[in-house]
Amino acid sequence: MSDLAAAPSAPASGAGALFTLNRFFAALLLAAIGYFVVWGLGYTGHNHVTLFVLATLFGVFMAFNIGGNDVANSFGTSVGAGTLTIKQALIVAAVFEVSGAVIAGGEVTKTIRGGIVDLSKMAIAPMDFVYIMMSALIAAALWLLFATRKGYPVSTTHSIIGAIVGSSIALGVIVSGADSALALVQWDKIGQIAVSWVLSPVLGGLVSYALFFQIRKHILNYNDEAEQQILRIREEKRAHKRHHKEAFERLDELQRISYTHAMARDVQVMNDDDFEADELESDYYRELHRIERKRDEIHAHRALENWVPLIAALGAMIISSMLLFKGLKNIDLGLTTLHNYLIMGMLGAAVWMAVFIFAKTLKGSSLSRSTFLLFSWMQVFTAAGFAFSHGSNDIANAIGPFAAILDVLRTGEIGAQAAVPTAAMITFGIALVVGLWFIGKEVIATVGHNLTKMHPASGFSAELAAAAVVMLASLLGLPVSSTHILIGAVLGIGLVNRQTNWELMKPIALAWVITLPAAAILSAVAFVTLRSIF
(Lines give C-alpha, C1' and ligand atoms only; values in the text may rest on other atoms or scores of the structure.)
Protein backbone atom coordinates (compact mmCIF):
# COMPACT_ATOMS: atom_id res chain seq x y z
CA MET A 1 0.00 0.00 0.00
CA SER A 2 2.70 2.46 0.98
CA ASP A 3 5.89 2.79 2.93
CA LEU A 4 3.86 3.96 5.90
CA ALA A 5 1.42 1.08 5.69
CA ALA A 6 4.31 -1.40 5.61
CA ALA A 7 6.03 0.21 8.56
CA PRO A 8 4.87 -2.23 11.30
CA SER A 9 6.48 -5.22 9.56
CA ALA A 10 9.59 -3.36 8.45
CA PRO A 11 13.04 -4.34 9.74
CA ALA A 12 14.47 -2.51 12.72
CA SER A 13 16.57 -0.28 10.48
CA GLY A 14 13.50 0.64 8.41
CA ALA A 15 11.49 1.37 11.55
CA GLY A 16 14.34 3.54 12.81
CA ALA A 17 14.44 5.50 9.56
CA LEU A 18 10.68 5.95 9.70
CA PHE A 19 10.89 7.21 13.27
CA THR A 20 13.60 9.66 12.21
CA LEU A 21 11.45 10.95 9.35
CA ASN A 22 8.47 11.30 11.67
CA ARG A 23 10.54 13.37 14.07
CA PHE A 24 11.91 15.46 11.19
CA PHE A 25 8.46 16.36 9.85
CA ALA A 26 7.09 17.02 13.32
CA ALA A 27 10.05 19.29 14.07
CA LEU A 28 9.66 21.03 10.70
CA LEU A 29 6.00 21.80 11.38
CA LEU A 30 6.68 23.01 14.91
CA ALA A 31 9.53 25.22 13.69
CA ALA A 32 7.30 26.71 10.95
CA ILE A 33 4.52 27.39 13.45
CA GLY A 34 6.96 28.90 15.95
CA TYR A 35 8.48 31.21 13.36
CA PHE A 36 5.08 32.27 12.07
CA VAL A 37 3.74 33.03 15.55
CA VAL A 38 6.74 35.25 16.28
CA TRP A 39 6.37 36.96 12.90
CA GLY A 40 2.60 37.22 13.19
CA LEU A 41 2.65 38.85 16.61
CA GLY A 42 4.57 41.72 15.08
CA TYR A 43 2.34 41.75 11.99
CA THR A 44 -0.83 42.07 14.08
CA GLY A 45 0.71 44.58 16.48
CA HIS A 46 0.34 42.14 19.41
CA ASN A 47 -3.44 42.64 19.27
CA HIS A 48 -5.52 39.82 20.82
CA VAL A 49 -2.46 37.57 21.30
CA THR A 50 -4.43 34.58 22.60
CA LEU A 51 -6.89 34.69 19.69
CA PHE A 52 -4.05 35.05 17.21
CA VAL A 53 -2.18 32.00 18.55
CA LEU A 54 -5.39 29.96 18.66
CA ALA A 55 -6.37 31.04 15.12
CA THR A 56 -2.89 30.08 13.89
CA LEU A 57 -3.22 26.60 15.41
CA PHE A 58 -6.71 26.22 13.89
CA GLY A 59 -5.49 27.34 10.46
CA VAL A 60 -2.42 25.09 10.46
CA PHE A 61 -4.58 22.20 11.66
CA MET A 62 -6.93 22.80 8.73
CA ALA A 63 -4.01 22.85 6.25
CA PHE A 64 -2.62 19.68 7.88
CA ASN A 65 -5.92 17.88 7.27
CA ILE A 66 -6.20 19.21 3.71
CA GLY A 67 -2.84 17.52 3.13
CA GLY A 68 -4.02 14.29 4.71
CA ASN A 69 -7.22 14.15 2.67
CA ASP A 70 -7.15 16.29 -0.46
CA VAL A 71 -3.44 16.00 -1.29
CA ALA A 72 -3.46 12.28 -0.48
CA ASN A 73 -6.48 11.94 -2.77
CA SER A 74 -4.56 13.66 -5.57
CA PHE A 75 -1.56 11.31 -5.24
CA GLY A 76 -3.50 8.13 -4.52
CA THR A 77 -3.58 7.04 -8.16
CA SER A 78 0.18 7.57 -8.58
CA VAL A 79 1.05 5.59 -5.44
CA GLY A 80 -1.54 2.90 -6.15
CA ALA A 81 -0.25 2.39 -9.69
CA GLY A 82 3.29 1.87 -8.40
CA THR A 83 4.52 4.97 -10.23
CA LEU A 84 5.53 6.73 -7.00
CA THR A 85 6.28 5.50 -3.52
CA ILE A 86 4.80 7.45 -0.63
CA LYS A 87 8.19 9.11 -0.06
CA GLN A 88 8.47 10.13 -3.71
CA ALA A 89 4.89 11.42 -3.65
CA LEU A 90 5.84 13.43 -0.60
CA ILE A 91 8.76 15.03 -2.44
CA VAL A 92 6.59 15.91 -5.44
CA ALA A 93 3.92 17.27 -3.13
CA ALA A 94 6.45 19.27 -1.15
CA VAL A 95 7.86 20.94 -4.26
CA PHE A 96 4.70 21.49 -6.32
CA GLU A 97 2.04 21.96 -3.62
CA VAL A 98 4.11 24.51 -1.70
CA SER A 99 5.26 26.19 -4.93
CA GLY A 100 1.67 26.44 -6.13
CA ALA A 101 0.60 27.88 -2.79
CA VAL A 102 3.40 30.45 -2.59
CA ILE A 103 3.76 31.39 -6.27
CA ALA A 104 0.16 31.32 -7.41
CA GLY A 105 -1.89 31.16 -4.24
CA GLY A 106 -3.00 34.72 -4.72
CA GLU A 107 -1.68 37.86 -3.11
CA VAL A 108 -5.20 38.83 -2.14
CA THR A 109 -8.06 36.63 -0.89
CA LYS A 110 -11.64 37.77 -0.46
CA THR A 111 -13.03 37.39 3.02
CA ILE A 112 -16.08 35.44 1.78
CA ARG A 113 -18.48 38.24 2.74
CA GLY A 114 -20.42 37.80 -0.48
CA GLY A 115 -19.97 34.07 -0.84
CA ILE A 116 -22.38 31.34 0.13
CA VAL A 117 -23.38 33.35 3.21
CA ASP A 118 -24.28 37.00 2.61
CA LEU A 119 -22.92 38.56 5.79
CA SER A 120 -23.57 42.05 4.44
CA LYS A 121 -27.26 41.61 5.42
CA MET A 122 -26.31 41.71 9.07
CA ALA A 123 -24.29 44.16 11.18
CA ILE A 124 -21.37 42.08 12.39
CA ALA A 125 -18.86 43.15 15.01
CA PRO A 126 -15.26 42.57 13.86
CA MET A 127 -14.60 40.06 16.65
CA ASP A 128 -17.76 38.10 15.80
CA PHE A 129 -16.39 37.84 12.27
CA VAL A 130 -13.15 36.45 13.71
CA TYR A 131 -15.10 33.86 15.70
CA ILE A 132 -17.01 32.85 12.56
CA MET A 133 -13.80 32.17 10.65
CA MET A 134 -12.04 30.47 13.58
CA SER A 135 -15.03 28.21 14.13
CA ALA A 136 -15.11 27.37 10.43
CA LEU A 137 -11.42 26.41 10.43
CA ILE A 138 -11.56 24.11 13.46
CA ALA A 139 -14.90 22.53 12.46
CA ALA A 140 -13.81 21.81 8.87
CA ALA A 141 -10.48 20.47 10.13
CA LEU A 142 -12.14 18.11 12.62
CA TRP A 143 -14.53 16.76 9.98
CA LEU A 144 -11.63 16.26 7.54
CA LEU A 145 -9.64 14.45 10.23
CA PHE A 146 -12.55 12.08 10.88
CA ALA A 147 -13.04 11.39 7.16
CA THR A 148 -9.32 10.93 6.60
CA ARG A 149 -8.94 8.40 9.40
CA LYS A 150 -11.80 6.45 7.83
CA GLY A 151 -10.07 6.65 4.44
CA TYR A 152 -12.91 8.68 2.88
CA PRO A 153 -11.82 11.32 0.35
CA VAL A 154 -14.17 14.30 0.84
CA SER A 155 -14.30 17.86 -0.47
CA THR A 156 -12.32 20.35 1.61
CA THR A 157 -14.17 23.15 -0.20
CA HIS A 158 -17.55 21.78 0.86
CA SER A 159 -16.19 21.32 4.39
CA ILE A 160 -15.15 24.95 4.82
CA ILE A 161 -18.33 26.22 3.12
CA GLY A 162 -20.52 24.14 5.41
CA ALA A 163 -18.54 25.33 8.42
CA ILE A 164 -18.91 29.01 7.49
CA VAL A 165 -22.63 28.48 6.98
CA GLY A 166 -22.95 26.88 10.43
CA SER A 167 -21.09 29.58 12.37
CA SER A 168 -22.82 32.37 10.43
CA ILE A 169 -26.27 30.94 11.17
CA ALA A 170 -25.30 30.56 14.83
CA LEU A 171 -24.43 34.27 14.99
CA GLY A 172 -27.60 35.17 13.09
CA VAL A 173 -29.77 33.23 15.57
CA ILE A 174 -28.08 34.99 18.50
CA VAL A 175 -28.34 38.46 16.97
CA SER A 176 -31.64 38.50 15.07
CA GLY A 177 -33.45 35.18 15.39
CA ALA A 178 -33.69 31.96 13.40
CA ASP A 179 -35.68 33.31 10.43
CA SER A 180 -33.25 36.14 9.74
CA ALA A 181 -30.29 33.79 10.22
CA LEU A 182 -31.53 31.32 7.61
CA ALA A 183 -32.11 34.20 5.21
CA LEU A 184 -28.36 34.88 5.25
CA VAL A 185 -27.67 31.63 3.40
CA GLN A 186 -27.79 31.68 -0.39
CA TRP A 187 -29.68 28.42 -0.75
CA ASP A 188 -29.33 28.36 -4.54
CA LYS A 189 -25.58 27.85 -4.05
CA ILE A 190 -26.27 25.07 -1.55
CA GLY A 191 -28.36 23.52 -4.30
CA GLN A 192 -25.43 23.79 -6.69
CA ILE A 193 -23.27 21.94 -4.19
CA ALA A 194 -25.90 19.21 -3.98
CA VAL A 195 -25.86 18.98 -7.78
CA SER A 196 -22.07 18.61 -7.68
CA TRP A 197 -22.41 15.43 -5.59
CA VAL A 198 -23.78 13.77 -8.71
CA LEU A 199 -22.38 15.92 -11.52
CA SER A 200 -18.71 15.77 -10.44
CA PRO A 201 -18.23 11.99 -10.22
CA VAL A 202 -20.41 11.39 -13.29
CA LEU A 203 -18.37 13.78 -15.44
CA GLY A 204 -15.10 12.40 -14.07
CA GLY A 205 -16.27 8.84 -14.65
CA LEU A 206 -17.48 9.46 -18.20
CA VAL A 207 -14.28 11.17 -19.36
CA SER A 208 -12.07 8.64 -17.57
CA TYR A 209 -14.04 5.71 -19.03
CA ALA A 210 -13.84 7.13 -22.56
CA LEU A 211 -10.10 7.87 -22.31
CA PHE A 212 -9.03 4.61 -20.71
CA PHE A 213 -11.31 2.56 -22.96
CA GLN A 214 -9.44 3.95 -25.98
CA ILE A 215 -6.04 3.46 -24.35
CA ARG A 216 -6.94 -0.11 -23.50
CA LYS A 217 -8.33 -0.79 -26.98
CA HIS A 218 -5.53 0.76 -29.06
CA ILE A 219 -2.52 0.23 -26.79
CA LEU A 220 -2.96 -2.30 -23.98
CA ASN A 221 -5.00 -4.86 -25.95
CA TYR A 222 -2.70 -4.43 -28.97
CA ASN A 223 0.29 -5.04 -26.71
CA ASP A 224 -1.33 -8.11 -25.16
CA GLU A 225 -1.98 -9.60 -28.59
CA ALA A 226 1.56 -8.74 -29.73
CA GLU A 227 3.03 -10.38 -26.63
CA GLN A 228 0.94 -13.50 -27.26
CA GLN A 229 2.27 -13.66 -30.81
CA ILE A 230 5.83 -13.18 -29.53
CA LEU A 231 5.31 -16.02 -27.03
CA ARG A 232 4.06 -18.27 -29.84
CA ILE A 233 7.13 -17.38 -31.92
CA ARG A 234 9.40 -18.16 -28.98
CA GLU A 235 7.72 -21.53 -28.61
CA GLU A 236 8.15 -22.09 -32.36
CA LYS A 237 11.87 -21.29 -32.02
CA ARG A 238 12.23 -23.73 -29.12
CA ALA A 239 10.43 -26.43 -31.11
CA HIS A 240 12.69 -25.69 -34.09
CA LYS A 241 15.79 -26.07 -31.89
CA ARG A 242 14.52 -29.36 -30.47
CA HIS A 243 13.73 -30.67 -33.94
CA HIS A 244 17.16 -29.61 -35.22
CA LYS A 245 18.93 -31.24 -32.26
CA GLU A 246 17.11 -34.53 -32.90
CA ALA A 247 17.94 -34.40 -36.62
CA PHE A 248 21.57 -33.45 -35.93
CA GLU A 249 22.00 -36.45 -33.60
CA ARG A 250 20.88 -38.79 -36.41
CA LEU A 251 23.73 -37.61 -38.69
CA ASP A 252 27.00 -39.52 -38.94
CA GLU A 253 30.29 -37.91 -37.89
CA LEU A 254 31.28 -36.54 -41.31
CA GLN A 255 27.81 -35.06 -41.90
CA ARG A 256 27.94 -33.41 -38.46
CA ILE A 257 31.32 -31.82 -39.22
CA SER A 258 30.11 -30.57 -42.60
CA TYR A 259 26.85 -29.23 -41.18
CA THR A 260 28.64 -27.55 -38.27
CA HIS A 261 30.96 -25.74 -40.70
CA ALA A 262 27.96 -24.59 -42.73
CA MET A 263 26.29 -23.27 -39.57
CA ALA A 264 29.48 -21.43 -38.59
CA ARG A 265 29.56 -19.72 -41.98
CA ASP A 266 25.87 -18.81 -41.57
CA VAL A 267 26.62 -17.14 -38.24
CA GLN A 268 29.20 -14.95 -39.95
CA VAL A 269 26.77 -14.12 -42.76
CA MET A 270 24.00 -13.18 -40.31
CA ASN A 271 26.30 -10.71 -38.58
CA ASP A 272 26.11 -8.54 -41.71
CA ASP A 273 23.18 -6.13 -41.60
CA ASP A 274 22.52 -6.41 -45.35
CA PHE A 275 22.70 -10.19 -45.73
CA GLU A 276 20.14 -12.04 -47.86
CA ALA A 277 18.35 -15.20 -46.78
CA ASP A 278 19.55 -16.94 -49.97
CA GLU A 279 23.12 -16.69 -48.67
CA LEU A 280 22.38 -19.05 -45.79
CA GLU A 281 23.53 -22.65 -46.27
CA SER A 282 22.01 -24.54 -43.34
CA ASP A 283 18.35 -25.48 -43.00
CA TYR A 284 18.60 -24.52 -39.31
CA TYR A 285 19.47 -20.86 -39.90
CA ARG A 286 17.19 -20.51 -42.94
CA GLU A 287 14.22 -21.64 -40.82
CA LEU A 288 15.41 -19.55 -37.86
CA HIS A 289 15.61 -16.49 -40.11
CA ARG A 290 12.08 -17.16 -41.37
CA ILE A 291 10.79 -17.31 -37.78
CA GLU A 292 12.62 -14.09 -36.85
CA ARG A 293 11.07 -12.36 -39.87
CA LYS A 294 7.64 -13.27 -38.48
CA ARG A 295 8.60 -11.53 -35.24
CA ASP A 296 9.64 -8.37 -37.11
CA GLU A 297 6.34 -8.34 -38.96
CA ILE A 298 4.40 -8.12 -35.69
CA HIS A 299 5.53 -4.48 -35.14
CA ALA A 300 5.15 -5.00 -31.39
CA HIS A 301 6.02 -1.41 -30.41
CA ARG A 302 3.78 0.20 -33.05
CA ALA A 303 1.07 1.19 -30.55
CA LEU A 304 3.61 2.70 -28.15
CA GLU A 305 5.24 4.72 -30.93
CA ASN A 306 2.02 5.85 -32.64
CA TRP A 307 -0.52 6.35 -29.86
CA VAL A 308 1.39 7.10 -26.65
CA PRO A 309 3.12 10.27 -27.98
CA LEU A 310 -0.27 11.64 -29.10
CA ILE A 311 -1.85 10.90 -25.73
CA ALA A 312 1.14 12.43 -23.95
CA ALA A 313 0.84 15.58 -26.09
CA LEU A 314 -2.87 15.81 -25.29
CA GLY A 315 -2.06 15.37 -21.60
CA ALA A 316 0.60 18.09 -21.72
CA MET A 317 -1.85 20.52 -23.30
CA ILE A 318 -4.58 19.76 -20.75
CA ILE A 319 -2.23 20.04 -17.75
CA SER A 320 -0.65 23.24 -19.11
CA SER A 321 -4.13 24.71 -19.70
CA MET A 322 -5.03 23.92 -16.09
CA LEU A 323 -1.86 25.71 -14.94
CA LEU A 324 -2.24 28.70 -17.25
CA PHE A 325 -5.97 29.28 -16.83
CA LYS A 326 -6.42 28.04 -13.25
CA GLY A 327 -3.17 27.49 -11.37
CA LEU A 328 -1.54 30.78 -12.42
CA LYS A 329 -4.71 32.85 -12.70
CA ASN A 330 -3.81 34.88 -9.64
CA ILE A 331 -0.52 36.05 -11.15
CA ASP A 332 -0.53 38.89 -13.66
CA LEU A 333 1.76 37.34 -16.29
CA GLY A 334 0.50 39.63 -19.05
CA LEU A 335 -0.48 36.64 -21.20
CA THR A 336 -3.48 36.84 -23.48
CA THR A 337 -5.70 33.88 -24.27
CA LEU A 338 -3.90 33.55 -27.61
CA HIS A 339 -0.55 33.45 -25.80
CA ASN A 340 -1.83 30.67 -23.54
CA TYR A 341 -3.02 28.60 -26.50
CA LEU A 342 0.32 29.04 -28.26
CA ILE A 343 2.18 27.93 -25.12
CA MET A 344 -0.10 24.89 -24.88
CA GLY A 345 0.59 24.06 -28.53
CA MET A 346 4.35 24.37 -28.13
CA LEU A 347 4.35 22.19 -25.02
CA GLY A 348 2.18 19.59 -26.76
CA ALA A 349 4.54 19.44 -29.75
CA ALA A 350 7.64 19.23 -27.53
CA VAL A 351 6.15 16.44 -25.43
CA TRP A 352 5.05 14.53 -28.56
CA MET A 353 8.62 14.59 -29.91
CA ALA A 354 10.20 13.68 -26.56
CA VAL A 355 7.86 10.74 -25.91
CA PHE A 356 8.19 9.48 -29.49
CA ILE A 357 11.98 9.42 -29.17
CA PHE A 358 11.73 7.79 -25.74
CA ALA A 359 9.41 5.11 -27.16
CA LYS A 360 11.91 4.45 -29.97
CA THR A 361 14.71 3.88 -27.45
CA LEU A 362 12.59 1.23 -25.69
CA LYS A 363 12.19 -0.88 -28.83
CA GLY A 364 14.54 -3.58 -27.52
CA SER A 365 12.75 -3.86 -24.18
CA SER A 366 9.74 -6.00 -23.36
CA LEU A 367 6.35 -4.52 -24.17
CA SER A 368 5.04 -4.66 -20.60
CA ARG A 369 8.13 -2.93 -19.22
CA SER A 370 8.08 -0.29 -21.98
CA THR A 371 4.38 0.42 -21.39
CA PHE A 372 4.93 0.70 -17.64
CA LEU A 373 7.87 3.10 -18.07
CA LEU A 374 6.14 5.37 -20.59
CA PHE A 375 2.93 5.76 -18.63
CA SER A 376 4.85 6.08 -15.36
CA TRP A 377 6.74 9.09 -16.71
CA MET A 378 3.53 10.59 -18.04
CA GLN A 379 1.74 10.03 -14.75
CA VAL A 380 4.51 11.74 -12.78
CA PHE A 381 4.01 14.90 -14.86
CA THR A 382 0.22 14.84 -14.55
CA ALA A 383 0.56 14.38 -10.78
CA ALA A 384 3.00 17.30 -10.58
CA GLY A 385 0.72 19.57 -12.60
CA PHE A 386 -2.29 18.55 -10.52
CA ALA A 387 -0.30 19.25 -7.34
CA PHE A 388 0.69 22.75 -8.46
CA SER A 389 -2.87 23.63 -9.41
CA HIS A 390 -4.14 22.12 -6.16
CA GLY A 391 -1.65 24.10 -4.08
CA SER A 392 -2.52 27.33 -5.83
CA ASN A 393 -6.29 26.91 -5.40
CA ASP A 394 -7.40 24.58 -2.62
CA ILE A 395 -5.02 25.95 0.00
CA ALA A 396 -7.40 28.93 -0.04
CA ASN A 397 -9.78 26.74 1.98
CA ALA A 398 -7.39 27.19 4.91
CA ILE A 399 -5.61 30.41 4.09
CA GLY A 400 -8.71 32.39 3.05
CA PRO A 401 -10.50 32.38 6.43
CA PHE A 402 -7.17 32.72 8.24
CA ALA A 403 -6.14 35.75 6.18
CA ALA A 404 -9.48 37.35 7.03
CA ILE A 405 -8.81 36.73 10.74
CA LEU A 406 -5.30 38.24 10.49
CA ASP A 407 -6.66 41.32 8.74
CA VAL A 408 -9.28 41.96 11.44
CA LEU A 409 -6.78 41.41 14.26
CA ARG A 410 -4.33 43.79 12.59
CA THR A 411 -6.74 46.58 11.60
CA GLY A 412 -9.69 46.09 13.93
CA GLU A 413 -12.04 46.26 10.91
CA ILE A 414 -13.65 43.85 8.45
CA GLY A 415 -12.13 44.62 5.07
CA ALA A 416 -13.47 43.72 1.65
CA GLN A 417 -10.18 41.97 0.94
CA ALA A 418 -7.42 40.51 3.07
CA ALA A 419 -3.77 40.32 2.05
CA VAL A 420 -2.17 36.88 2.35
CA PRO A 421 1.36 37.14 3.78
CA THR A 422 4.02 34.94 2.18
CA ALA A 423 4.97 33.63 5.63
CA ALA A 424 1.44 32.27 6.06
CA MET A 425 1.53 30.63 2.63
CA ILE A 426 4.82 28.87 3.40
CA THR A 427 3.67 27.74 6.86
CA PHE A 428 0.38 26.37 5.53
CA GLY A 429 2.18 24.76 2.59
CA ILE A 430 4.48 22.92 5.01
CA ALA A 431 1.42 21.83 6.99
CA LEU A 432 -0.08 20.36 3.79
CA VAL A 433 2.96 18.16 3.19
CA VAL A 434 3.28 17.10 6.83
CA GLY A 435 -0.41 16.16 6.85
CA LEU A 436 0.11 14.00 3.78
CA TRP A 437 2.99 12.23 5.51
CA PHE A 438 1.32 11.53 8.84
CA ILE A 439 -2.33 10.79 8.01
CA GLY A 440 -2.57 10.44 4.23
CA LYS A 441 -2.04 6.70 3.88
CA GLU A 442 -5.68 5.67 4.41
CA VAL A 443 -7.00 7.98 1.67
CA ILE A 444 -4.12 6.96 -0.62
CA ALA A 445 -5.08 3.31 -0.07
CA THR A 446 -8.74 4.05 -0.86
CA VAL A 447 -8.01 5.90 -4.11
CA GLY A 448 -5.02 3.85 -5.23
CA HIS A 449 -6.01 0.31 -4.23
CA ASN A 450 -9.37 -0.24 -2.62
CA LEU A 451 -11.79 1.25 -5.17
CA THR A 452 -10.07 -0.50 -8.08
CA LYS A 453 -6.62 -1.78 -9.03
CA MET A 454 -4.35 0.75 -10.70
CA HIS A 455 -1.68 0.53 -13.43
CA PRO A 456 0.33 3.56 -14.64
CA ALA A 457 -1.83 3.63 -17.78
CA SER A 458 -5.08 3.66 -15.78
CA GLY A 459 -3.67 6.03 -13.16
CA PHE A 460 -2.58 8.44 -15.89
CA SER A 461 -6.04 8.19 -17.47
CA ALA A 462 -7.76 8.98 -14.17
CA GLU A 463 -5.53 11.99 -13.43
CA LEU A 464 -5.75 13.36 -16.96
CA ALA A 465 -9.53 12.89 -17.10
CA ALA A 466 -9.92 14.65 -13.74
CA ALA A 467 -7.71 17.53 -14.88
CA ALA A 468 -9.70 17.88 -18.11
CA VAL A 469 -13.05 17.93 -16.28
CA VAL A 470 -11.78 20.43 -13.68
CA MET A 471 -10.58 22.69 -16.50
CA LEU A 472 -13.80 22.34 -18.51
CA ALA A 473 -15.99 22.92 -15.47
CA SER A 474 -14.02 26.05 -14.57
CA LEU A 475 -14.50 27.47 -18.06
CA LEU A 476 -18.24 26.64 -18.10
CA GLY A 477 -18.85 27.68 -14.50
CA LEU A 478 -20.22 24.27 -13.50
CA PRO A 479 -20.46 23.50 -9.76
CA VAL A 480 -17.98 20.64 -9.33
CA SER A 481 -15.54 19.30 -6.75
CA SER A 482 -12.06 18.20 -7.84
CA THR A 483 -12.11 15.48 -5.15
CA HIS A 484 -15.42 14.05 -6.37
CA ILE A 485 -14.23 14.29 -9.99
CA LEU A 486 -11.09 12.25 -9.28
CA ILE A 487 -13.07 9.60 -7.41
CA GLY A 488 -15.47 9.42 -10.35
CA ALA A 489 -12.49 9.06 -12.69
CA VAL A 490 -11.17 6.14 -10.60
CA LEU A 491 -14.62 4.51 -10.76
CA GLY A 492 -14.56 4.98 -14.54
CA ILE A 493 -11.32 2.99 -14.65
CA GLY A 494 -12.95 0.29 -12.56
CA LEU A 495 -15.88 0.10 -14.97
CA VAL A 496 -13.54 -0.48 -17.91
CA ASN A 497 -11.66 -3.18 -15.98
CA ARG A 498 -14.88 -4.49 -14.37
CA GLN A 499 -13.22 -4.27 -10.94
CA THR A 500 -15.11 -1.56 -9.06
CA ASN A 501 -15.60 -1.79 -5.29
CA TRP A 502 -19.12 -0.37 -5.04
CA GLU A 503 -19.46 -1.42 -1.40
CA LEU A 504 -16.67 0.98 -0.43
CA MET A 505 -18.20 3.72 -2.57
CA LYS A 506 -21.42 3.69 -0.52
CA PRO A 507 -19.91 5.15 2.70
CA ILE A 508 -17.79 7.57 0.65
CA ALA A 509 -20.90 8.92 -1.11
CA LEU A 510 -22.65 9.18 2.26
CA ALA A 511 -19.68 11.13 3.61
CA TRP A 512 -19.99 13.57 0.68
CA VAL A 513 -23.62 14.27 1.58
CA ILE A 514 -22.91 14.52 5.31
CA THR A 515 -19.92 16.87 4.86
CA LEU A 516 -21.94 20.08 4.63
CA PRO A 517 -24.29 19.54 7.62
CA ALA A 518 -21.60 17.89 9.77
CA ALA A 519 -19.19 20.79 9.30
CA ALA A 520 -22.03 23.28 9.87
CA ILE A 521 -23.08 21.70 13.19
CA LEU A 522 -19.49 21.46 14.45
CA SER A 523 -18.88 25.07 13.46
CA ALA A 524 -22.02 26.33 15.18
CA VAL A 525 -20.98 24.61 18.41
CA ALA A 526 -17.44 26.00 18.08
CA PHE A 527 -18.79 29.53 17.47
CA VAL A 528 -21.01 29.52 20.54
CA THR A 529 -18.10 28.18 22.60
CA LEU A 530 -15.59 30.78 21.36
CA ARG A 531 -18.05 33.65 21.77
CA SER A 532 -18.85 32.61 25.32
CA ILE A 533 -15.16 32.26 26.26
CA PHE A 534 -13.83 35.45 24.67
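- Counting all heavy atoms, side chain and backbone alike, L436 lies closest to A72 at CD1-CA, 3.6 Å.
- Note on residues 515-527: pairs passing side-chain hydrogen bond (donor to acceptor under 3.5 Å, both in side chains), not counting sequence neighbours, are W143-T515, S167-S523.
- When side chains are defined from C-beta on, I439 counts as touching N65, because their heavy atoms get closer than 4.5 Å.
- Side-chain atoms of E227 and S368, non-hydrogen and from C-beta on, do get closer than 4.5 Å to each other.
- F356 meets the ring-ring contact (aromatic ring centres under 6.0 Å, His included) test with W352; sequence neighbours excluded.
- Here the side chain of S208 pairs no donor or acceptor atom with the backbone of A465 at under 3.5 angstrom.
- Using a 4.5 Å heavy-atom cutoff, the side chains of T483 and V154 are not in contact.
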Give the intermediate values and the outcome of side chain to side chain contact (heavy atoms under 4.5 Å, CB included) for residues T427 and T56. CA-CA 10 Å; T427 302; T56 299; 5.9 Å; no
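- Heavy-atom minimum distance, I311 versus M378: CG2-CE, 4.1 Å.
- Here the side chains of L29 and F64 are in contact, with some heavy-atom distance below 4.5 Å.
- Here I405 contributes atom CD1 and L137 contributes atom CG; the two are 5.0 Å apart, rounded to the nearest 0.5 Å.
- A side-chain donor-acceptor contact under 3.5 Å links T500 to the backbone of L495.
- Between the T446 side chain and the E442 main chain, a donor and an acceptor come within less than 3.5 Å of each other.
- To the nearest 0.5 Å, atoms CG (L57) and CD1 (I138) are separated by 9.0 Å.
- Separating the OG1 atom in T77 from the CG atom in L451 is a distance of 11.5 Å, to the nearest 0.5 Å.
- Side-chain contact check for L54 versus L530: some heavy-atom pair is nearer than 4.5 Å.
- Side-chain atoms of R216 come within 3.5 Å of backbone N or O of V496 as a donor-acceptor pair.
- Using modelled atom types, one finds a donor on one side chain and an acceptor on the other under 3.5 Å when comparing S78 with E463.
- What you find for H301 and L362 is that their closest heavy atoms are NE2-O, 3.1 Å.
- Residue F381 places its CZ atom among 12 or fewer non-hydrogen atoms of other residues, nucleotides or ligands, all under 6.0 Å distant.
- In this structure, the separation between CG on L522 and CG on L142 is 6.5 Å, given to the nearest 0.5 Å.
- Interatomic distance, CD1 of I215 versus CD1 of I493, reported as 7.5 Å (0.5 Å rounding).
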Trace of the side chain to side chain contact (heavy atoms under 4.5 Å, CB included) decision for H455 with F460: CA-CA 8 Å; H455 177 275; F460 167 79; over 6 Å; no
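- Between E225 and R302 no salt bridge is recorded (no basic side-chain N to carboxylate O distance below 4.0 Å).
- Put simply, the side chain of N501 never gets that close to the backbone of T452: no donor and acceptor are under 3.5 Å apart.
- Shown here for A81 and Q379, the closest heavy-atom pair between the two residues is CB-OE1, 3.7 Å.
- We find the OH-OG distance between Y209 and S461 to be 13.0 Å, quoted to the nearest 0.5 Å.
- Considering every non-hydrogen atom in both S159 and L144, the closest pair reads OG-CD2, 3.7 Å.
- Between F402 and F428, the gap from one ring centroid to the other is short of 6.0 Å.
- Between A466 and L486, the shortest heavy-atom contact is CB-CD1, 3.7 Å.
- Although no hydrogens or angles enter the test, the distance criterion places a donor-acceptor pair under 3.5 Å between the side chain of N69 and the main chain of Y152.
- Side chains of V71 and F75 form a contact here, defined as non-hydrogen atoms less than 4.5 Å apart.
- Within the 4.5 Å cutoff, the side chain of H218 has no heavy atoms near those of the N306 side chain.
- Salt-bridge formation is detected for the pair E503/K506: a Lys NZ or Arg NE/NH1/NH2 atom is positioned less than 4.0 Å from an Asp or Glu carboxylate oxygen.
- At distances below 3.5 Å, not a single donor-acceptor pair connects side-chain atoms of W197 with backbone N or O atoms of A509.
- Formation of a donor-acceptor pair under 3.5 Å by the S370 side chain with backbone atoms of S366 is found in this model.
- The backbone N or O of L199 lies less than 3.5 Å from no partner atom in the side chain of S196, so there is not a single donor-acceptor pair.
- Ring pair F438/F24: centre-to-centre distance not below 6.0 Å.
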Criterion side chain to side chain contact (heavy atoms under 4.5 Å, CB included) on I430 and I33, from CA distance to verdict: CA-CA 10 Å; I430 290 172; I33 294 171; over 6 Å; no
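- At least one donor-acceptor pair under 3.5 Å links the side chain of S135 to the backbone N or O of F527.
- Counting heavy atoms of neighbouring residues, nucleotides and ligands inside a 6.0 Å radius, atom CZ of F213 does not exceed 12 of them.
- Counting heavy atoms from C-beta on, the side chains of M344 and L324 come closer than 4.5 Å.
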With side chain to side chain contact (heavy atoms under 4.5 Å, CB included) as the criterion, how do L304 and L374 come out once you've worked through the C-alpha distance, each side chain's angles and the decisive distance to 0.1 Å? CA-CA 8 Å; L304 296 183; L374 281 168; 4.1 Å; yes
